[in-house]
Structure formats: C-alpha cells, structure tokens
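What follows is one structure encoded as structure tokens, with my remarks underneath.
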Amino acid sequence: MEGKGKVNGVAAMAACYQGFDPAAYLQYNYTPPRADFERKDSIVPWKLACLHRAFTEGDVKGELLVDIGSGPTLYQVLSGCEVFNKVLLTDFLEVNRQELRGWLEDEGGCNLDWTPYLQHVCKLEGRRPSAWTEKAAKLRQVITDIVPVDVHRPQPLALDALPSEGADCLVSCFCLESVSPDLAAFTRALGHIGRLLRTGGHLLLIGALGESYYFGGPGVRIPVVPLNEAQVCASLKESGYTLIRLEVYTLPQDMRVGVDDVSGVFFVKAIKE
C-alpha cells in the first residue's frame, strides 16, 4: 500500500497545479517589494547575488546547464548563460513552457519584463546596465530547448534530452519542495534529478524554508513541504550530494505579502559524488 500512497500524493500535487497562472505568480513574486533592485534586503537581488557568485567562482563549468522546474522565470540562468554553451530549460506545466517560449521567440506578450533583471546581473558582472541587450541575445543563443520534466519519475527527462554523460550543472529554484507531497518525496526527487548530472557536476538549489503553501494564482493554494536547514542538508546527503555551501535569507516583514507563508530562503551549492 505504501507505493500506492506515494503515487496518490504525487497525483494530488499534480492536480493542484491545474489552475496555475504564470501571470499571477510572476506578479506575486517577481515585482516589488520582492524584486526591488534598489534594496539590499530584497529577496530577488539576494538570489541573483548567490547565483552570480556560484557561477563565477571558477569550479562550476562545462558544456551543459539544465534548469529543473524553470516555472515561468528566467532569472536563475542569467549568470549561468555566460559560463555554459548550452542551457536547457524544463517545466512540468505547458503554460510555463509557453511563457518561456514567448520570451525566447521575442515576439512580445510576456507577462513580465525581464529587462531590470538583465540589467542588475550585468552590474553584478561589472558591465554597464546597457549591456543587457547583449546578455539577452546571449541567453537566447545558448538556450537549446524548453522541455517537459517530471521530478517524481526516476528518469525525469526524455531519454534523448541529455547526452549520455549527463549535465555538467543543474539549477533548480523553488521546484522540489513545492511539487512534493512530503519530505520523503522531496528527497526522492533530489535523487531523481541527480541521475541527470554527471559525477563531479554541481547542483545549485534555491528553495523555501518554513513554507506550507503558496498561491499559484487567484484562489489557487498549493501545498509545500515545510523545510528547515537540517532537513535540506540530510536530504542532499541521502541523495548522493556533498554540500559545498548553504546560505540562508530571512524574509523581512514587508516581504511577507500574503501570497505564501515562507519565512526564509536557502541557497545550496553542492557537488554530485
């Protein structure tokens, strides 16, 4: 019966996402105050700084970067596109893949203007903010595809999606804890995505701490596995990763805007054993 329970829990999570609204999600999480580039304590600049540092320390490198559970967002690969020649975006939901394709094809109609994000990362890289157009062109050049993913499957991507040796680096932001029914499923999902990564490859993981739900659209309340730092570290170890760095951000009161009950965010840099 235990196996059946696992399947039912995962199926229930998938059902929660049927009403997911990319436009509303982007509005809730990727506009001020959570994306205020003038504030040092705003959550989005913190995430971008963590990713910038990880991608510029010199050890995260190779040919292929895979983003697991991209959602309707691009911020998580803005630094990585300067390091990797190929970037693969993935998501479970077609509405999110469609949102990403809209930006990639540059035909307008995107639900968020990524220009301030591109400008901010250019500044982190020591470039003029006006270099954002070059960065956008670079990102469009290196994104090879946008494909379906299911982190609850032992093989989360189609067999022909990756080279046989696997990806050189995985990024995953706010995906695993928000699509898993419980901690055990979160840990299994970490193991599943690890199979996509070559031995010695890096995992850059961003996720929520102490969050039990978030809104994926008006009235679309999605349950989340409430994690603490110790659980994140234990799940990584159990799934075959060696932790290099764990950083934690605590949400200021005015970032708690009623679209979730998150108390903090973690950033992990780890390596596959």
Atom CZ of Arg195 with >12 non-hydrogen neighbours under 6.0 angstrom: yes

N/O donor-acceptor pair under 3.5 Å between Tyr17 side chain and Phe92 backbone: no

Heavy-atom pair with the smallest gap, counting every atom of Arg39 and Pro33: NH1-CB, 4.3 Å

pair Thr73-Cys173: side-chain heavy atoms closer than 4.5 Å: no

Ile206 reachable from Leu183 in the ILVMFWY side-chain graph, under 4.5 Å edges: yes

Ring geometry between Tyr249 and Trp46 (parallel below 30°, tilted from 30 to 60°, perpendicular above 60°): tilted

Between CG on residue Leu78 and NZ on residue Lys135, distance to nearest 0.5 Å: 6.0 Å

Distance (rounded to the nearest 0.5 Å) between Gln98 CD and Glu105 CD: 9.5 Å

Closest heavy-atom pair and its distance - Ser70, Gln76: O-NE2, 3.3 Å

Under 3.5 Å donor-acceptor, Gln231 side chain and Asn228 backbone: yes

Test log, rule side chain to side chain contact (heavy atoms under 4.5 Å, CB included), inputs Leu124 and Thr56: CA-CA 10 Å; Leu124 292 176; Thr56 52; over 6 Å; no

Parallel, tilted or perpendicular: ring planes of Phe37 versus His120, cut at 30 and 60 degrees: tilted

Audit row: Glu247, Lys269, salt bridge (Lys or Arg N to Asp or Glu O under 4.0 Å) steps and yes/no: CA-CA 9 Å; Glu247 297 179 55; Lys269 181 180 180 181; over 6 Å; no

Derivation of the side chain to side chain contact (heavy atoms under 4.5 Å, CB included) call for Ile43 and Val265: CA-CA 8 Å; Ile43 182 171; Val265 177; 3.4 Å; yes

Ile271 reachable from Leu243 in the ILVMFWY side-chain graph, under 4.5 Å edges: no

Min side-chain heavy-atom separation Cys233-Leu246 under 4.5 Å: yes

Any donor-acceptor pair under 3.5 Å from Asp91 side chain to Arg97 backbone: no

Steps toward side chain to side chain contact (heavy atoms under 4.5 Å, CB included) verdict (Arg53, Arg245): CA-CA 11 Å; Arg53 187 159 60 252; Arg245 182 165 71 245; 4.0 Å; yes

Connected via hydrophobic side-chain network under 4.5 Å: Ile244 and Val232: no

pair Leu197-Tyr241: side-chain heavy atoms closer than 4.5 Å: yes

Ser172 side-chain N/O to Ile68 backbone N/O, donor-acceptor pair under 3.5 Å: yes

Side-chain (Asp168) to main-chain (Gly201) donor-acceptor, under 3.5 angstrom: no

Sub-4.5 Å side-chain heavy-atom contact between Ser239 and Phe186: no

Donor-acceptor contact below 3.5 Å, side chain Thr31 vs main chain Leu26: no

Beyond-backbone contact of Leu176 with Ile193, side-chain heavy atoms, under 4.5 angstrom: yes

Under 3.5 Å: donor-acceptor pair, side chain of Arg221, backbone of Tyr213: no

Lys/Arg cation over aromatic Trp103: Arg140, 6.0 Å, 45° cone: yes

Sub-4.5 Å side-chain heavy-atom contact between Val10 and Arg188: no

Check: Tyr30 ring centroid to Tyr75 ring centroid under 6.0 Å: yes

Approximate separation, where rounding is to 0.5 Å, of Leu74 CG and Leu118 CG: 8.0 Å

Closest contact, heavy atoms only, Thr187 versus Ser235: OG1-OG, 2.8 Å

Considering all heavy atoms, the nearest Gly69-Cys175 contact: CA-SG, 3.9 Å

Connected via hydrophobic side-chain network under 4.5 Å: Val179 and Val95: yes

Full working for side chain to side chain contact (heavy atoms under 4.5 Å, CB included) between Glu211 and Asp261: CA-CA 5 Å; Glu211 182 176 45; Asp261 61 349; 3.5 Å; yes

Check: Phe55 and Val171 side chains under 4.5 Å, non-hydrogen atoms: yes

Whether Asp36 side chain and Pro32 backbone form a donor-acceptor pair below 3.5 Å: no

His152 NE2 to Ser180 OG distance, which is reported to the nearest 0.5 Å: 4.0 Å

Minimum-distance pair of heavy atoms, taken over all atoms of Ser42 and Pro45: O-CD, 3.3 Å

Backbone of Val224 reached by a side-chain donor or acceptor of Ser178 within 3.5 Å: no

side-chain contact (heavy atoms from CB on, under 4.5 Å), paired with His52, selected from Lys123, Lys47, Glu125: Glu125

Main-chain N/O of Asn111 paired to Glu99 side chain as donor or acceptor, under 3.5 Å: yes

Common cluster, Leu236/Phe266, ILVMFWY with side-chain heavy-atom separation under 4.5 Å: yes

Given Leu51, Asp67, Leu88, the one that forms side-chain contact (heavy atoms from CB on, under 4.5 Å) with Val77: Asp67

From Arg101 atom CZ to Asp106 atom CG, the distance as rounded to the nearest 0.5 Å: 15.5 Å

Parallel, tilted or perpendicular: ring planes of Tyr214 versus Phe20, cut at 30 and 60 degrees: perpendicular

More than 12 heavy atoms of other groups within 6.0 Å of Glu94 CD: yes

Met13 versus Pro223, closest heavy-atom pair with distance: CE-O, 3.5 Å

Close side-chain approach of Asp260 to Asn29, heavy-atom, < 4.5 Å: yes

Separation between CG of Asp59 and NZ of Lys61, rounded to the nearest 0.5 Å: 7.5 Å

